[in-house]
Amino acid sequence: MALLSLERVCKNFAGVQALRDVSLSVQPGERRAIIGPNGAGKTTLFNIISGELPPTSGAVHLGEREVTNLPPERMFRLGLARTFQKNSLFLELTTFENVRLAVQAHQKQGHHWFRPWWSFDSVNGRTRLVLERAGLWSRQLEPAKNLSYGEQRQLEMAIALAGEPSLLLLDEPTAGMSVAETASSVATIGALPRDLTLLIIEHDMDTVFAVADRITVLDHGQVIADGAPDDVRHDSQVRAVYLGEPE
Ligand SMILES: Nc1ncnc2c1ncn2[C@@H]1O[C@H](COP(=O)(O)OP(=O)(O)OP(=O)(O)O)[C@@H](O)[C@H]1O
Ligand SMILES: [Mg+2]
């Protein structure tokens, strides 16, 4: 049974068909890359999956449950987390505090109307674990505004992971990063729990081939290829769209 499936999803903005009959199915634990040229509809696809935008038509399922049109908070509670293409941090707060808030927000959902005696330690302990996993523990006391651009993006990923999601959507996690920061992010992504299902929008092909076990290619709002990395790499239509090669 697929963890996530989209059936013939369309999204129209005034005058623009951003998504046209997009169907896809992602298995539990899969690491799926979504690639395609600028304006192909990749972020729109994420916005529909995460409930930020309603589709014009079509359906989205999480497991057996239909989640089309559920708002982002409901999707979050069902185990979906995402990062955005643009920065969404509390810049005046420290790295630690940014993650701590996300850990606390997650624990509040657990209907604990009382505060167990261990809860304080557990929030701090969990915060540390998440920061270590994201390679940011040594930067814990730094205000987020002092982090490098790449570290800020890694902090966003840490915040998304704080909620222990089962489905994580990363929108261009290495965009604007240095070579070293990209390598560090790829390592962090590679070390994510194997049962976490990952959808990653990424322009950097080295990163895509390093992390993805399946690739979906969007072009002008349509899926033009979907398969194993090696098959997609050698697909003539993909090469034409990406590399300007004749089909
Ligand atoms: N809120 C919106 N209102 C109107 N048009 C939109 C909106 N969001 C996206 N679009 C349009 O939909 C199309 C797909 O945009 P989208 O942001 O999904 O592309 P993308 O594949 O993420 O591109 P990029 O690689 O540049 O991030 C584009 O033509 C874009 O201008
Ligand atoms: Mg985008």
Side-chain angles (χ1 to χ4, degrees), residues 4-26 31-60 67-73 75 80-89 149-150 152-157 159-160 165 167-177 181-182 185-186 189 197-212 214-227 229 232-233 235 237-244:
L4 173 73
S5 50
L6 277 70
E7 298 93 37
R8 306 198 60 174
V9 166
C10 295
K11 182 65 186 180
N12 302 336
F13 296 109
V16 183
Q17 279 190 298
L19 294 174
R20 296 189 252 182
D21 274 336
V22 171
S23 295
L24 59 89
S25 161
V26 180
R31 295 178 177 184
R32 173 76 62 101
I34 312 285
I35 67 173
N38 294 116
K42 306 179 295 295
T43 298
T44 303
L45 185 74
F46 271 20
N47 286 336
I48 285 170
I49 295 169
S50 65
E52 242 80 33
L53 287 175
T56 304
S57 61
V60 183
V67 295
T68 325
N69 297 319
L70 285 190
E73 319 81 73
M75 294 304 290
L80 180 144
R82 73 173 290 188
T83 60
F84 290 86
Q85 219 168 338
K86 286 184 192 144
N87 206 299
S88 54
L89 302 172
Y149 177 77
Q152 289 184 349
R153 301 304 310 263
Q154 283 179 293
L155 179 53
E156 287 171 0
M157 191 156 71
I159 288 168
L167 175 61
L168 176 65
L169 312 186
L170 300 175
D171 196 346
E172 301 194 28
T174 71
M177 284 189 176
E181 287 167 342
T182 299
S185 290
V186 169
I189 293 167
T197 307
L198 177 70
L199 263 66
I200 176 172
I201 297 174
E202 183 56 65
H203 283 292
D204 178 52
M205 285 303 123
D206 291 338
T207 300
V208 167
F209 287 110
V211 303
R214 204 177 164 91
I215 300 177
T216 299
V217 189
L218 280 182
D219 182 39
H220 290 99
Q222 282 181 301
V223 176
I224 62 163
D226 187 320
V232 168
R233 196 204 295 259
D235 184 283
Q237 206 185 347
V238 174
R239 296 183 78 89
V241 164
Y242 254 109
L243 308 170

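In each ligand, atom 1 is the first atom listed, and ligand 1 is the first ligand listed.
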Which atoms form the tightest heavy-atom contact between [X] and [Y], and what is the distance?
X: P37; Y: L218; value: CD-O, 3.4 Å
X: I200; Y: P173; value: CD1-CG, 3.7 Å
X: F46; Y: L170; value: CE2-O, 3.4 Å
X: R82; Y: N47; value: NH1-OD1, 2.8 Å
X: G41; Y: L19; value: O-CD2, 3.5 Å

Inset, instruction - Of the side chain and backbone of V16, name the one, both, or neither that has a heavy atom under 4.0 Å from an atom of ligand 1. - result: side chain
Considering the heavy atoms of [X], write down every atom of ligand 1 situated less than 4.0 Å from one of them.
X: T44; value: 9 (C), 14 (C), 15 (O), 16 (P), 18 (O)
X: E172; value: 25 (O), 27 (O)
X: A18; value: 12 (O), 13 (C)
X: H203; value: 25 (O)

Legend entry - Cation-pi check, R233 onto F209 ring (under 6.0 Å, within 45° of axis): yes
Inset, instruction - Measure the CG-CG distance between L4 and L169 for me, rounded to the nearest 0.5 Å. - result: 8.0 Å
Legend entry - Closest to atom 26 (O) of ligand 1 among L218, N38, D219 (heavy-atom distance):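 Looking at heavy atoms only, N38 sits closest to atom 26 (O) of ligand 1.
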Inset, instruction - Could you establish whether K11 and ligand 1 come within less than 4.0 Å of each other, counting only heavy atoms on the residue side? - result: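 It does not; every heavy atom stays at 4.0 Å or beyond.
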Legend entry - Close approach, G36 and ligand 1, non-hydrogen under 4.0 angstrom: no
Inset, instruction - Report yes if G41 has an N/O atom closer than 3.5 Å to an N/O atom of ligand 1; otherwise report no. - result: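 Indeed, backbone or side chain, G41 has an N or O that close.
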Legend entry - T44 backbone or side-chain N/O/S under 2.8 Å from the Mg ion (ligand 2):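 No - counting backbone and side chain alike, T44 has no N, O or S atom under 2.8 Å.
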